[in-house]
Amino acid sequence: QAKASGKAVTVTFDRSMTARAAERLEMESELRRAIEQGQLRLHYQPIVSLETEQISEVEALVRWEHPTRGLIPPGKFIPIAEETGLIVPLGKWVLEEACRQGQEWREAHSENLSLLIGVNLSTRQFQQEGLIEEIKEILERSGLPPASLKLEITESLMSARPEDTIAKLEQLRAIGVHLAVDDFGTGYSSMSYLANFPVDTLKIDQSFVQRLGSNSESDAIVQAIMTLAKALNLRVTSEGIETDEQRALLRGMGCDRGQGYLFSRPLTSLALTELLTNQFLTNQSDNIERRAA
Ligand code: C2E
Ligand code: MG
Ligand code: MG
Ligand code: MG
């Protein structure tokens, strides 16, 4: 009995392993084609002032518009891109497209001049040789000022090779780009290292934000991050804000910026252009009313 079922399990396991490996291999060649044939899209999610809800930044988030399977979220293909090295051409495309679009927004309306464009960098991409030069070239080609770009790195970079990481971050900072630590609080990073990292923003991971008010540990962690950020003179953005209660709690803790479905989901560049235009028109009519009053 035991032997028979053991055998059956082995067979199933082998089959699913083979199927999975084949699926991955197919995914890899499809992804390579997707990059070459322009099937990647960027969506942009606003980051707003928690007080005024004005958009101060947008984060570029990649999607794959698959010809038969529809829009594929990054969680489904970024890990494969990282494993296969495809993250290098993929990441380059994302940077180019985000910088191009960011500069287009800046040129369209002078009120967008202070808009920051956030781009995610994966660990492998960050460690790639020639990254700094590539970023410089992309910025020059697009015309986007370095100070309008914010690169989001993850905490895992801080523990892997801290000296190398610090040196690279210093170079990026010297160019003038902003640097943020994404998903902060989920990885291992020593507080003493954080003080040595030339970053200017911490993004509090959405897992803490979503448990706010219902889990006292999350409240304590978020409060501790706020205190730490203040001591190190870092800005904080809270990710994944979905409710008014979360927004109110975060404001109470001194967080001034947020991102989440409460404000907006990630949008196509066209939809975000409309949102920026509406914000401009609303501000303009507010000003007129104020002047009239
Ligand atoms: P991330 O950088 O932490 O991005 C935030 C993710 O949270 C996005 O998922 C966004 O859609 C989602 N999100 C925002 N607000 C809410 C909310 O209120 N509730 C919930 N439940 N989720 C919210 P998305 O677009 O699926 O991206 C997932 C991850 O994929 C990103 O996490 C980032 O790590 C990675 N990624 C996305 N684009 C790129 C890229 O161009 N390059 C690299 N290397 N990684 C990327
Ligand atoms: Mg991010
Ligand atoms: Mg994040
Ligand atoms: Mg995340």
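Residues: numbered from 1 along the sequence shown. Just so it is clear, the structure is predicted and the values come from calculations on it, not from any experiment. Remember, it's 1-based here, ligands and their atoms both numbered in the order they're listed.
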Less than 4.0 Å is my threshold; does some heavy atom of Gly91 fall inside it relative to ligand 1? no

Tell me which part of Asp182 gets within contact of ligand 1: side chain, backbone, both or neither, using heavy atoms under 4.0 Å. side chain

Below 3.5 angstrom, do we get any N/O pair linking Val62 and ligand 1? yes

For ligand 1, which part of Leu262 has a heavy atom less than 4.0 Å away: the side chain, the backbone, both, or neither? neither

Does atom CG (Asp286) have a neighbourhood of more than 12 heavy atoms from anything else shown, all under 6.0 Å? yes

On a heavy-atom basis, the closest approach of Ser238 and Cys255 is OG-SG, 3.2 Å

Side chain, backbone, both or neither: which applies to Glu239 and ligand 1 if a contact is any heavy-atom pair less than 4.0 Å apart? side chain

Indicate if the distance from the Mg ion (ligand 2) to the nearest N, O or S atom of Glu239 falls below 2.8 Å. no

Purely on distance, is any nitrogen or oxygen of Gln206 under 3.5 Å from one on ligand 1? yes

Have a look at ligand 1 and work out which part of Ser122, if any, has a heavy atom under 4.0 Å from it: side chain, backbone, both or neither. both

Parallel under 30°, tilted from 30 to 60°, perpendicular over 60°: which one fits the rings of Trp105 and Tyr44? perpendicular

Once you restrict to heavy atoms under 4.0 Å, what part of Arg63 touches ligand 1? Side chain, backbone, both or neither. side chain

For ligand 1, the portion of His43 having any non-hydrogen atom under 4.0 Å away: neither

Presence of N, O or S from Asp183 under 2.8 Å of the Mg ion (ligand 2): no

Under 4.0 Å from one or more heavy atoms of Pro266, ligand 1 contributes atoms 11 (O)

Which atom, counting only N, O or S, brings Glu59 closest to the Mg ion (ligand 2)? OE2

Quick check on contacts: which atoms of ligand 1 are under 4.0 angstrom from a heavy atom of Gln45? 10 (C), 14 (C), 15 (N)

Side chain, backbone, both or neither: which part of Val94 has a heavy atom under 4.0 Å from ligand 1? side chain

Please name the atom of Glu152, restricted to N, O or S, that is closest to the Mg ion (ligand 2). OE1

Please give the atom name: the N, O or S atom of Asp182 nearest to the Mg ion (ligand 3). OD1

Which ligand 1 atoms, with their elements, are less than 4.0 angstrom from a heavy-atom of Gln210? 19 (N), 20 (C), 21 (N)

Can you sort out which atoms of ligand 1 are near Glu242, meaning under 4.0 Å from one of its heavy atoms? 17 (C), 18 (O), 19 (N), 20 (C), 21 (N)

In His43, Gln259, Lys150, the residue satisfying side chain to side chain donor-acceptor pair (under 3.5 Å) with Glu59 is Gln259

Any salt bridge between Glu97 and Arg100, counting N to O under 4.0 Å? yes

What is the minimum heavy-atom distance between Glu152 and Asp182, and which atoms define it? OE1-OD2, 3.0 Å

Salt bridge or not between Glu53 and Arg247? Use side-chain N to carboxylate O under 4.0 Å. yes

